[in-house]
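What you are looking at is a predicted structure, and each value in this text was computed from that prediction instead of being measured. Here is how names work: the chains are called A, B, and so on, in the same order as the sequence lines, proteins then strands, and each is numbered from 1.
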Amino acid sequence: AQSVTQPDARVTVSEGASLQLRCKYSYSATPYLFWYVQYPRQGLQLLLKYYSGDPVVQGVNSFEAEFSKSNSSFHLQKASVHWSDSAVYFCALSMSNTNKVVFGTGTRLQVLP
Amino acid sequence: EAAVTQSPRNKVTVTGGNVTLSCRQTNSHNYMYWYRQDTGHGLRLIHYSYGAGNLQIGDVPDGYKATRTTQEDFFLLLELASPSQTSLYFCASSEDWGGDTQYFGPGTRLLVL
């Protein structure tokens, strides 16, 4: 069955440090992949998405993600985090033949000042 | 940018009670979705619709009904609420199917006593 795994429930980093949030997916074909962010008391907002082409995707607020078919991964990265990046981040997968999106369980990021 | 609103923002009911959650999107998107968000599960799809009068079953539909009365309005109905339905509910919309960006409302927090 198709699935998305975010192995880290919580990540804590210091302001200015680099960041990687991990996402692994299970799907036999090429998926649509997304990263969404959820700020406190808000709905989810799209950071970036990937379907084909350059495996490194640029997103909002200097986030980027790299697709790896061989590793079935779509890790989110940022070179230097800010305290305002503290939020919950969701990786999501959409299969090319359905109308559904499967979400991971989320990673809560805390950025220490 | 797409706007999705939900009402009420908070709701408390008793076991066996009737609850209706409302969602409206103002960009005439074709697809609308209802999710529930629970710790350790991420977002799970309850029902979705691709147009007025249409309803599709999601991944966790038991105990929920939904109705899409217009292009803009999508309702989630809990006719006999149970404590297991205590959750944070999100509505989302997208112009096209699951590979398209979803726009989320701010969420409704439901407590079933």
Side-chain angles (χ1 to χ4, degrees), chain A residues 1-10 21-27 29-53 57 59-60 65 67 74 87-108, chain B residues 1-7 9-10 21 23-25 27 29-51 54-61 68 74 87-109:
Chain A
Q2 297 78 19
S3 65
V4 174
T5 301
Q6 295 181 249
D8 304 308
R10 289 179 176 269
L21 301 182
R22 296 183 292 165
C23 173
K24 299 272 286 184
Y25 68 89
S26 172
Y27 182 55
T30 300
Y32 288 81
L33 291 163
F34 306 81
W35 276 100
Y36 285 88
V37 61
Q38 183 181 29
Y39 296 106
R41 295 173 298 282
Q42 295 185 29
L44 282 69
Q45 305 170 34
L46 182 72
L47 276 179
L48 47 82
K49 65 180 178 181
Y50 170 82
Y51 177 62
S52 64
V57 182
V60 174
F67 169 70
F74 189 56
V88 181
Y89 292 79
F90 290 94
C91 183
L93 158 72
S94 177
M95 290 72 77
S96 56
N97 60 345
T98 76
N99 295 322
K100 299 182 192 178
V101 176
V102 176
F103 286 84
T105 52
T107 297
R108 182 175 297 275
Chain B
E1 186 171 328
V4 181
T5 56
Q6 295 182 234
S7 63
R9 294 294 308 276
N10 294 280
L21 307 184
C23 176
R24 168 165 284 194
Q25 53 96 3
N27 271 25
H29 283 171
N30 292 316
Y31 287 82
M32 296 185 74
Y33 312 82
W34 276 108
Y35 293 93
R36 60 177 290 172
Q37 182 182 18
D38 305 287
T39 302
H41 291 279
L43 274 74
R44 293 181 289 175
L45 181 66
I46 304 171
H47 292 298
Y48 66 104
S49 165
Y50 53 77
N54 175 265
L55 181 65
Q56 301 295 314
I57 304 299
D59 298 319
V60 289
R68 180 93 175 267
F74 195 30
S87 187
L88 179 58
Y89 291 87
F90 285 103
C91 177
S93 72
S94 65
E95 184 170 1
D96 206 342
W97 63 278
D100 202 3
T101 301
Q102 294 191 14
Y103 295 86
F104 285 80
T108 294
R109 191 168 294 278

task: Answer with side chain, backbone, both or neither: which region of B:L45 has an atom nearer than 4.5 Å to a non-hydrogen atom of chain A?
output: side chain
message: For the backbone of B:G107 and the side chain of B:R9, can you confirm whether one donor and one acceptor N or O come within less than 3.5 Å of each other?
response: yes
message: I'd like to know if the side chain of B:Q56 and the backbone of B:Y48 have a donor-acceptor N/O pair within less than 3.5 Å.
response: no
- prompt: Of the backbone (N, CA, C, O) and the side chain (C-beta and beyond), which part of B:D100 lies under 4.5 Å from a heavy atom of chain A, both, or neither?
  reply: both
- request: Check whether any side-chain N or O of B:W34 sits under 3.5 Å from a backbone N or O of B:C23 as a donor-acceptor pair, and report yes or no.
  value: no
query: Can you say whether A:Y36 sits under 4.5 Å from chain B via the side chain, the backbone, both, or neither, judging by heavy atoms?
result: side chain
task: Please check if the side chain of A:Q38 supplies one atom and the backbone of A:F90 the other of a donor-acceptor pair under 3.5 Å.
output: no
Chain A contacts, top residue of B:H41, B:Q102, B:R109 (heavy-atom pairs, under 4.5 Å): B:Q102
Note, A:T107 side chain near A:R22 side chain (heavy atom, < 4.5 Å): no
message: Taking side chain as everything from C-beta outward and backbone as N, CA, C, O, which of these in A:L46 sits under 4.5 Å from a heavy atom of chain B? Side chain, backbone, both or neither.
response: side chain
